[in-house]
Amino acid sequence: MFEGLNREQRVAVETLKGPLIVVAGPGSGKTRVMTHRISHLIACGIAPGSILAITFTNKAADEMLRRTLLLLDHPEPPEGVPGFLEASGFGISAESPVIRTFHSFCSRILRRDLYRIEPYSGDFSIYDTTDQTQLHNEVLASLELDRTTFPARAGLSTISNWKNWMISPDEAQEKATTFRDRELVRIFRSYQQELERRNALDFDDLLLLMLRLLREHPDVLTRYRARFQHLMIDEFQDTNRPQYLIARLLSVEHRNICITGDPDQSIYSWRGANPDNFRRFQEDFPEYKTVHLNRNYRSTPQIISVASRLTSDHLGERRLYTENPDGEDVKVVEVSDERAEARKIASSVANWSAEGTPLSEIAILYRINALSRAIEEELVRNHYPYAVIGGTGFYERKEIKDILAYLRAARFPRDEVALRRIVNVPPRGIGKISFERLVDSARDRGMDLGEAIRDKEVVSAVRGKARKGLTDLVKVLDDLARLEDRPLPEQVEAAIEASGYVNHLERSEPESWQERTRNLEELVTAAAETEEILQAAATDDDDIDPLIVFLERISLVTDVSFFEERDARVSMMTLHAAKGLEFNRVVIVGVEETLIPHSRHIEGGGLDEERRLLYVGITRARHEAVLTYTTWRRRFQEREPRLPSSFLNELEGEGICFQRAGSSLGIISVEDQRSGLTERLEDPFWEDDEMQVGVWIHHDLLGRGIISATSGRGTSKRISVRFEACGEKQLVVAYAPLKVISPPDEEWEPC
DNA sequence: TGTTTTCTGTTTTTT
DNA sequence: ACAGAAAACA
């Protein structure tokens, strides 16, 4: 049971009673400790079902469950069936520990008990970001506020912050001083009311309502306290206030709570994560014990020593060390632009692959999703399979969301977001005006939209094409609703069929309709998979609607493991998404000022978190870490000069080597590179010609004009020209009869 | 007049 | 690639 564990790890595994803090650096065997601890609990006679382990992602949950079952000599869970099984199953068996994220754990409980809180019920919808944005904008319309002054992104992030810090609309109102703040509070208030009315929960609500449930219903609290005698929380540095309070409520009596985390890897404060929870924990559970896991088993000494330069010296006490053999230096590579960066990465992949590193052991990490594009293109060109993790995920694709919206609208008439989404997709003549008319008429009668579209009088308020479209839609939805008891894949297929969606795709997206249709087929496959899992867990006492399970799985389980096949592929993801993962070789791209640190966080408290983000990135690597930065990068249409990240200065020292692409492996310090930067402003890839914005030209046919924009290079370079005689035209420089002229005098007269 | 198509400007991180 | 705005269409 304890073989292969070091002394500290063993202490953590053996301490089963009472509060325990495990401070675990990257690669220190934290998951090992957690899985051993769970199996040790079970070996000591604790009922598996009374163990609740909270992880940060569903992927981590699956991994932990899989490894725990292995330790327990369980038959291996079927390949490719994620621990999601557990989500629907926790009512079922006391034979397996419950390992989930906070969100899916809460959702599971709320499915059963949310009816206790007015006016909700257990078949609530979960609103994802898209749904939230739509609702936000509906709220704006009803409050007669302007979309540009109150963008959804900003508004929702403010609302989410309030919720994470458990500030009610009333409290927010008291603190609001400016006009804008007061308007935001109004938006918050009606956003929340509208969610309630629709029996819908956003991600924050999953936590907040769980907390309310436990606080307001002592019998429920007692039940779950009795049920979960042992709590474990992973990535504790990234828990927010409601999450901590839920954990405290569940464990404050038996006090068997083990938290693991690493303040140096706290990278989610923007989502309300509060490292201060460590301090609160120490106050609330003063008899706690602490274990420090400082020995790293993952990385080379070079990687550890370089990465450690980014962490604050916690009194020199918590320093991470390793006894692994030496490896290569961490490399910092300068390249001229994002295409050169992509080529450099592709050639690294080629070399590593030739040396025998499997593609699945290579990761490319970046600060923002937008950086993946250039690299993807290069990998495609070189025929390297890759998987972009996160980003626009499968379930965020338009066609997928549309079909799911059909199912939602058919079966959950209160869920207006879904109905609004598909009311005119495919186009059936119900435009903005007709729809507004419909909504008004429904509101006048105090009806839900779902009722309204079936109401004769309301429908007669709309006329012509729109009325026909509406009756067609109602028929489609009613037909779908009738399939309630059919198997899930059949329902999904029916939704695709009845909506005429494939036809619509073919007409409206001649470029991509085939791929999108394939995606829809994948959706049917996913439905079949869910159906299968539910069949396997047929002992379910809760008898939950398969469609609800399917939708929930989709909104909460966005990990790779759920959908992607496990072929050998290069992984590409953001630094945030890489948390908790490890790879033999890691490339971090775009290590540039304004990217990491991101421009929004260069000043103020956010800077430390950016530094930790880079720390997390570097420590993902076992054998080799490469950091790249460019001197030029294309952003929208413009190419802009770039500076290396200021963090690179902090990394200087033993175990790291700076090199310029194309140059021999000479060691060049950051200062050398900085001073060399100005002379390299003429980038070899930048063909500087005369056709620049602001230059006057003469066209043989169109006459005089001034260049207002340029794009592309070489023979594909295009310019926009505002002509005196005929307005703005687009021209291809290589083919247009143009010559540069000196500016007309009148334009240059000083005013 | 109302609907559909085309064009333009926009991307921090995510359960 | 996507959303919102302007233009084109019925």
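Naming: A, B, ... by sequence-line order, numbering from 1 per chain.
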Considering only nitrogen or oxygen atoms on both sides, find all protein atoms under 3.5 Å from nucleotides 5-7 of chain B and state each distance.
none

Pairwise 5' ranking along DNA chain B for A:E609 and A:S434, keeping only the more 5' one
A:S434
I'd like to check the side-chain contact (heavy atoms from CB on, under 4.5 Å) partners of A:L581; sequence neighbours left out, ordered by chain and number.
A:K59, A:M573, A:F583
Look at the rings of A:F188 and A:W162 and say which category their plane angle falls in: under 30° parallel, 30 to 60° tilted, over 60° perpendicular.
parallel
Roughly, in whole Å, what's the span from CZ in A:R634 to C1' in B:dT10?
16 Å
Whole Å only: how far is the CG atom of A:L365 from the P atom of B:dT14?
12 Å
Among the candidates B:dG2, C:dA1, B:dT15, find the nucleotide nearest to the side-chain atoms of A:R373.
C:dA1
Describe the nucleic acid contact of A:H103 in one word from base, sugar-phosphate, nothing, applying a heavy-atom distance below 4.0 Å.
base
Which residue lies more 5' along DNA chain B, comparing A:G431 with A:A370 via nearest heavy atoms
A:G431
Name the closest nucleotide to the A:T101 side chain, picking from B:dT15, C:dC2, B:dG2.
B:dT15
Closest to the side chain of A:W270, out of B:dT14, B:dT4, B:dT3, is B:dT14
Between atom CZ in A:F56 and atom C1' in B:dT14, what is the gap in whole Å?
7 Å
Among B:dT3, C:dA1, B:dT13, which nucleotide sits nearest the side chain of A:H576?
B:dT13
Has A:Y268 got its ring stacked on B:dT14, by the test of a centre gap below 5.5 Å and a plane angle below 30°?
no
Roughly how many Å is it from CG in A:D202 to C1' in B:dT14, rounded to a whole number?
13 Å
Interatomic distance, A:R428 CZ vs B:dT4 C1' [rounded to whole Å]
15 Å
Rounded to the nearest angstrom, tell me the gap between atom CG in A:N137 and atom C1' in C:dG4.
11 Å
